[in-house]
Amino acid sequence: MYKDAILVRGAKVHNLKDIDIDIPLGKIVAISGVSGSGKSSLALGVLYAEGSRRYLEALSTYTRRRISQSEKSNVESIQYVPAALALHQRPNVPNIRSTFGTSTELLNSLRLLYSRCGNYICPNGHVLKPSLNIAREIELECEVCGERFFGLGAEEYAFNSDGACPNCSGTGIERVIDDLTLVPDEEKTLEEGAVESWNMFGISWMYNLAYELGVRVDVPFKELSDKEKDIVYNGPSVKKYINIPSKNGKLFELNAEYRNAHKAVEEALKNAKTEKGLLRINKYLKVKECGECHGTRLNKRANSTLLGGINISQASKMTLEDLVKWIPKVINDLPNEMQEMANNIAEEFMDNANILLDLGLSYISLYRPSNTLSTGELQRVQLARTLRNPTTGVLYVLDEPSIGLHPSNVDGLIAVMKRLIEDGNSIILVDHDVRILKVADYMVELGPYAGYNGGNIIAKGKINEIISNKDSLIAKFLTNEEEIIIRNKSKKEDLFEYGSIELSTNEIHNVKPLDVKIPKGKLTVVSGVSGSGKTTLLLESLYPAVKSLINGESLPKTIKNINVEDIGKIDLIDSVPIGKNVRSTVATYSGVLDDLRKIFAKLDISKEKALKAADFSYNTGSLRCPTCNGTGNISMDVQFLADIEIVCPDCNGLRYCDDAGEIRLNNLSISDIMALTIDEAIDEFVNMEENGDKSSLDKIINKLGKLSNLGLGYLTIGEATPSLSGGEAQRLKLASEIGKSQKNSIFIFDEPSIGLHPLDVKVLLSVFQTLIDDGATVIVIEHDLDIISNADYIIDIGIDENHFGGEILAFGTLEDIIESKDSLTAKYLKELNN
């Protein structure tokens, strides 16, 4: 019998309050709620975790051992959950060998097309006509010179294997020694240690050999002749007897071999065994395009085959949209007997490419390194990879699929989701984008607030039922009734009253040279489709350029000109997770734990037990839990099954041993405090102010108050920072700046609305206003229409029709952008602000 819903009963994962819910199958189901309300707990912690776990349990023990498994969810029962796939909020950043072509597997089809249908070049340089002999693995014979040779298999066009350039091993780059780093101070003599690579690698006496080779060692390096400098850098590896001073000052004779400044680095690189050792050496190296393959990554033979008159590297540099138009033309020009085979290869390419085109990735070339793609682009590549082979009966759990997507890209995402449903699948999506939420067939809204005050179902049903539900917090945003603009924005004539920041850039990646003018002391938003150049403009141009000026360094080569008056500080607030492991918590990152330890150490009972502040550290102190060593979790080895990570049974995840529970501040132990939310802790500390160390208590209240004002009051003091969402991480990073004078400061935010409910966006806008009131210039990369609408000044970037790269389409106030005929964002802003 076909079941039409997943039945969840008694879900208690994280902050979920024993909820019961029926999730329709074969539909798009949206889960909404403010940050920390329990959305991801339900979607990923219950539905995906159980869907994937039950599927994996059907596999053999041997197979399960090699696959990451989810532990059983904390639910009383869950029935009729299909096999599940999850597309997470932040895809892993690909390595240096990955390109758009390899990660989408489009390059596999293109390699096969070149291998089977290309014009081969014989060893004597003559061009051969396409032939079926390649597919038959028969020798080719040149009609001009009679030379016989075999064609190439598809793998021999792969830069990650047989087709790799021998000079760069298929990376397209090579690391060469930078002479400027070898002798950083040319005022020094060789005797004084001018050659840093000799000093760094324990051969500071090498200047004695240089002297034997005719180099003056007692004059500043800059005064040496070109011949002398060449001996220092590239001199021959000859042996000479020299006297070398030992540590006690005595001389001993050594028949030493001369290691020039370059060779010193090369040998150190060869012998490096640790990351630390490699780090020391990397300072002497610079990356440049491979001189042999010129960045194509391929060897000469792989790059010699032609198709449509161009080689595979040239084809890979075409945008996807142009490549899709080019391939049918090329196939049409092939001999008739070749076309059936070519069409079969092209069909697979087109099936894959069409999904990527629907997702708005037409402007990217197969050649583009994957690690230069934005989060939104990476997520769409991940989604396309999932959709490549049509499925049915699968539960897709999408964790904020709209992240990094311009409103125009959202249309393609919606089309793809509807296609999945038509194929008989089910979708659970966690998102805050109102346009995404509106297409849902059913919605579950969690809340009403975050953390302990969340985890309840406050509304459920079809979209019209959510809209009419008085308890719903998202309803007014679905109907556009909620007031969008909450800031008192600058008048147009006052935009540049405090001056401006002016920047001119050269062409970078696919972005044209740009000239921008940004008002100081205002909120500026840079909007535009993914890949248009927002990150290139701010993170790769403005930020490093201003940083260079502040540090008195030369400008990056990508900068033509920059004019910033009186700027003394620039901060980049990105969404990179805080901390590398579970030992980093809100308490340690904010500095609250240091103050707590001081307070607890001053208590009478601590003095009686001879406990110092250091004893209250869960990382190294004597009161940390000995079972989990203060991490709050332990890993269990279950023989043939995957290791299981569980909450420490002795400290219940609170990181401290039982003895810590005997030491109490107003009846709270330090582990009790770690379990409190920020808002709960503020209430506790305000009430105990007269009973403890007032100085440290004031510091704690002040630090926690800043976090609460940033909308983070629902986080627990002991929350591990690597688990925070991108938006939460950004606000936590910002906490130390709140309340300070920010005159002549620039803050750049990279998509700070990630993971934020529209109500949380209002909190974020108030944070921006606080910084501006304190004198800062705030510049934001953003797709969120509410934030864009609240900007004083907007710079809208897009991709031009001829694919020459990103360019500025419009700039000015909200009204200016809405009236612009060129802006791709205009129509969405107009819809929202009507």
Please enumerate all residues that pass side-chain hydrogen bond (donor to acceptor under 3.5 Å, both in side chains) together with E540, with sequence neighbours excluded.
H509

Sorted by chain and residue number, the side-chain hydrogen bond (donor to acceptor under 3.5 Å, both in side chains) partners of K522 (sequence neighbours excluded) come out as S490, E497

Side chains of residues 543-553: which donor-acceptor partners sit under 3.5 Å, not counting sequence neighbours?
unit_1 : atom_1 : unit_2 : atom_2 : d
S548   : OG     : P544   : O      : 2.8
N551   : ND2    : K547   : O      : 3.3

Contacts of D178 meeting salt bridge (Lys or Arg N to Asp or Glu O under 4.0 Å) (sequence neighbours excluded), chain-then-number -> none

Of all residues at least two apart in sequence or in a different chain, which pass the side-chain hydrogen bond (donor to acceptor under 3.5 Å, both in side chains) check with S766?
none

List for me each residue that meets salt bridge (Lys or Arg N to Asp or Glu O under 4.0 Å) alongside K569, sequence neighbours excluded, and say none if there are none.
D571, E737

Going by the salt bridge (charged side-chain N to carboxylate O under 4.0 Å, His left out) test, which pairs reach into residues 764-780, not counting sequence neighbours?
none

Could you list the residues that satisfy ring-ring contact (aromatic ring centres under 6.0 Å, His included) with F768, not counting sequence neighbours?
F749

Residues which pass salt bridge (Lys or Arg N to Asp or Glu O under 4.0 Å) with E196, listed by chain and number, not counting sequence neighbours:
K283

So, using ring-ring contact (aromatic ring centres under 6.0 Å, His included) as the criterion, who are the partners of H783 when residues are at least two apart?
none

With sequence neighbours left out, the residues meeting ring-ring contact (aromatic ring centres under 6.0 Å, His included) with F496 are Y793

Go through the structure and list residues passing side-chain hydrogen bond (donor to acceptor under 3.5 Å, both in side chains) with D515, not counting sequence neighbours.
S504

Checking T777 side chain against I746 main chain: does a donor-acceptor pair fall under 3.5 Å?
no

